[in-house]
Amino acid sequence: MEKLEQRIRQEGLILSDKVLKVDSFLNHQVDTRLALEIGQEFARIFAGRGITKVLTIEASGIQFAMAAGIALDVPFLYAKKKKAVTLTENLFTSEVVSFTRGETYQVSISQSYLTPQDRVLIVDDFLATGAALVGLVDIVKQSGAELRGVGCVIEKSFQEGRGLLEALGVEVHSLARIASMRPGEVTYVREAEAASAASAAAGGPSGGSHV
């Protein structure tokens with residue numbers, strides 16, 4: 001999604017080779033028009049899958065799951081990180097390790113809202129270590145619902161999350177896939193692949209032929 005990639009370059013703050021802040025337009029202050037366009041893009045990617053529910057985890061994935069739910073005309077549901085006093089019914093739960101917070105917590109969803117009849121799209125803002133998404137995949141499995149795919153807004157492709165999900169047989173689509181980053185510079189997977197292909201076509205890093 002080119003518009004998203006441009007915004008990351010223009011407004012994202014790269015604090016290290018692993019930490020990217022997009023607070024100004026995605027997950028603290030939210031550009032609502034962009035969020036709706038992200039939802040429409042997920043709906044386009046996963047069209048024809050018969051999705052009945054969009055699932056995310058609180059809090060920063062909520063706006064994108066809602067946007068995808070609007071575009072697909074289905075409800076969205078989010079896993080809660082803390083059990084509220086009103087959440088008294090039977091629950092599906094899974095343990096998640098947070099990369100950004102450095103803590104382990106349990107997420108839960110009421111069994112009333114996720115059933116074996118559901119066909120689920122999981123949506124989240126970031127795919128990095130994959131821990132939160134693996135927890136959601138586990139909850140979908142517990143419910144007996146059918147998982148039709150995972151959509152992520154930004155993926156740090158140099159981390160292990162995609163590999164963990166694909167090892168579980170999960171189809172993953174990310175709108176902006178980052179191959180590498182450092183303060184002041186971000187390289188997307190498509191750019192890295194294009195550079196690699198150009199280098200190979202030119203005969204290697206030096207651009208010369210080898211005998």
Side-chain angles (χ1 to χ4, degrees), residues 1-47 49 51 53-82 96 98-101 107 120-133 135-136 148-159 161-162 165 171-194:
M1 189 174 175
E2 187 175 347
K3 182 175 181 179
L4 174 63
E5 291 179 346
Q6 290 174 351
R7 291 291 293 276
I8 293 168
R9 277 211 168 103
Q10 293 165 358
E11 300 180 44
L13 297 178
I14 301 170
L15 304 183
S16 73
D17 61 354
K18 288 188 178 180
V19 180
L20 169 65
K21 286 186 68 176
V22 287
D23 292 24
S24 67
F25 64 101
L26 281 186
N27 59 11
H28 190 33
Q29 174 175 266
V30 178
D31 181 329
T32 52
R33 185 179 297 276
L34 178 60
L36 290 172
E37 290 177 9
I38 285 169
Q40 290 164 2
E41 183 64 9
F42 283 138
R44 184 193 67 78
I45 291 169
F46 292 98
R49 310 292 180 93
I51 291 165
K53 205 153 289 181
V54 179
L55 172 65
T56 192
I57 188 168
E58 64 175 356
S60 55
I62 287 176
Q63 59 268 31
F64 308 114
M66 181 173 180
I70 291 170
L72 289 163
D73 195 24
V74 299
F76 88 97
L77 172 67
Y78 62 91
K80 296 190 175 185
K81 293 179 181 177
K82 292 184 179 179
V96 170
S98 170
F99 167 74
T100 54
R101 297 182 182 275
V107 297
V120 180
L121 169 63
I122 294 175
V123 167
D124 207 2
D125 61 338
F126 272 97
L127 171 56
T129 65
L133 290 166
L136 292 181
R148 293 293 172 92
V150 167
C152 296
V153 180
I154 300 173
E155 176 184 330
K156 300 175 188 175
S157 296
F158 51 87
Q159 292 186 263
R162 175 176 284 267
L165 292 169
E171 181 181 344
V172 182
H173 290 274
S174 300
L175 304 187
R177 296 185 63 194
I178 297 174
S180 63
M181 61 186 189
R182 59 184 181 181
E185 182 179 335
V186 59
T187 302
Y188 296 107
V189 167
R190 60 179 182 80
E191 296 170 335
E193 290 174 345

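Not measured: the values here are computed from a predicted model.
How far CE of M1 is from CD1 of I154: 11.0 Å, rounded to the nearest 0.5 Å. A distance of 11.0 Å separates CD of E11 from CD of Q6, quoted to the nearest 0.5 Å. One finds the CZ atom of F126 at 6.5 Å from the CD1 atom of I178 (value rounded to the nearest 0.5 Å). Rounding to the nearest 0.5 Å places CD of E191 at 6.5 Å from CD of E5. Note that CG of L175 and NZ of K3 are 13.0 Å apart. Values are rounded to the nearest 0.5 Å. Annotation: the span from F76 atom CZ to Q63 atom CD amounts to 9.5 Å, rounded to 0.5 Å.
For M181, the CE atom is densely surrounded, since the number of other residues' heavy atoms within 6.0 Å is greater than 12. Atom NZ of K21 sits in a sparse spot, with 12 or fewer heavy atoms from other residues, nucleotides or ligands closer than 6.0 Å. Counting heavy-atom neighbours within 6.0 Å of E2 CD, excluding the residue itself, gives a total of 12 or less. Other residues, nucleotides and ligands contribute at most 12 non-hydrogen atoms within 6.0 Å of the OH atom of Y78.
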task = Applying salt bridge (charged side-chain N to carboxylate O under 4.0 Å, His left out), run through E155 and R177 and close with a yes or a no.
result = CA-CA 5 Å; E155 176 184 330; R177 296 185 63 194; 3.5 Å; yes

query = Going through the distances and angles, do L121 and V74 end up as a side-chain contact (heavy atoms from CB on, under 4.5 Å)?
reply = CA-CA 10 Å; L121 169 63; V74 299; over 6 Å; no

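In this structure, F46 and L72 have side chains that are not in contact, with every pair of non-hydrogen atoms separated by 4.5 Å or more. No side-chain heavy atom of L133 sits under 4.5 Å from any side-chain heavy atom of I57. Residues T129 and K18 are not in side-chain contact: their nearest non-hydrogen atoms beyond the backbone lie 4.5 Å or more apart. At least one side-chain heavy atom of L26 sits under 4.5 Å from a side-chain heavy atom of L4. Looking at D124 and L136, their side chains never come closer than 4.5 Å, going by heavy atoms from C-beta outward.
Listed here is the closest heavy atom pair of A43 and A71: CB-CB, 3.5 Å. Contact record, A65 with V123: N-CG1, 3.8 Å, taken as the closest heavy-atom pair. Summarising the geometry of K156 relative to L20, their closest heavy-atom pair is NZ-N, 4.2 Å, with the distance given to 0.1 Å. Heavy-atom minimum distance, A35 versus A67: O-CB, 3.2 Å. Listed here is the closest heavy atom pair of V186 and R9: O-NH2, 2.8 Å. Taking all atoms of both residues into account, the shortest heavy-atom contact from L127 to G130 is CD1-CA, 3.9 Å.
Among L36, V30, D31, the single residue meeting the side-chain contact (heavy atoms from CB on, under 4.5 Å) criterion with R33 is D31.
Under 4.0 Å is where a charged nitrogen must lie from a carboxylate oxygen, and between R190 and E193 no such pair does. Salt-bridge check for E171 with R49: passed, with a basic side-chain N closer than 4.0 Å to an acidic carboxylate O.
The backbone N or O of E58 lies less than 3.5 Å from a partner atom in the side chain of K81, making a donor-acceptor pair.
Partners of D23 under the side-chain hydrogen bond (donor to acceptor under 3.5 Å, both in side chains) rule, at least two apart in sequence or in another chain, do not exist in this structure. For S60, the side-chain hydrogen bond (donor to acceptor under 3.5 Å, both in side chains) partners are D125, not counting sequence neighbours.
Residue pairs that meet the ring-ring contact (aromatic ring centres under 6.0 Å, His included) test with at least one member in residues 12-42, sequence neighbours left out, do not exist here.
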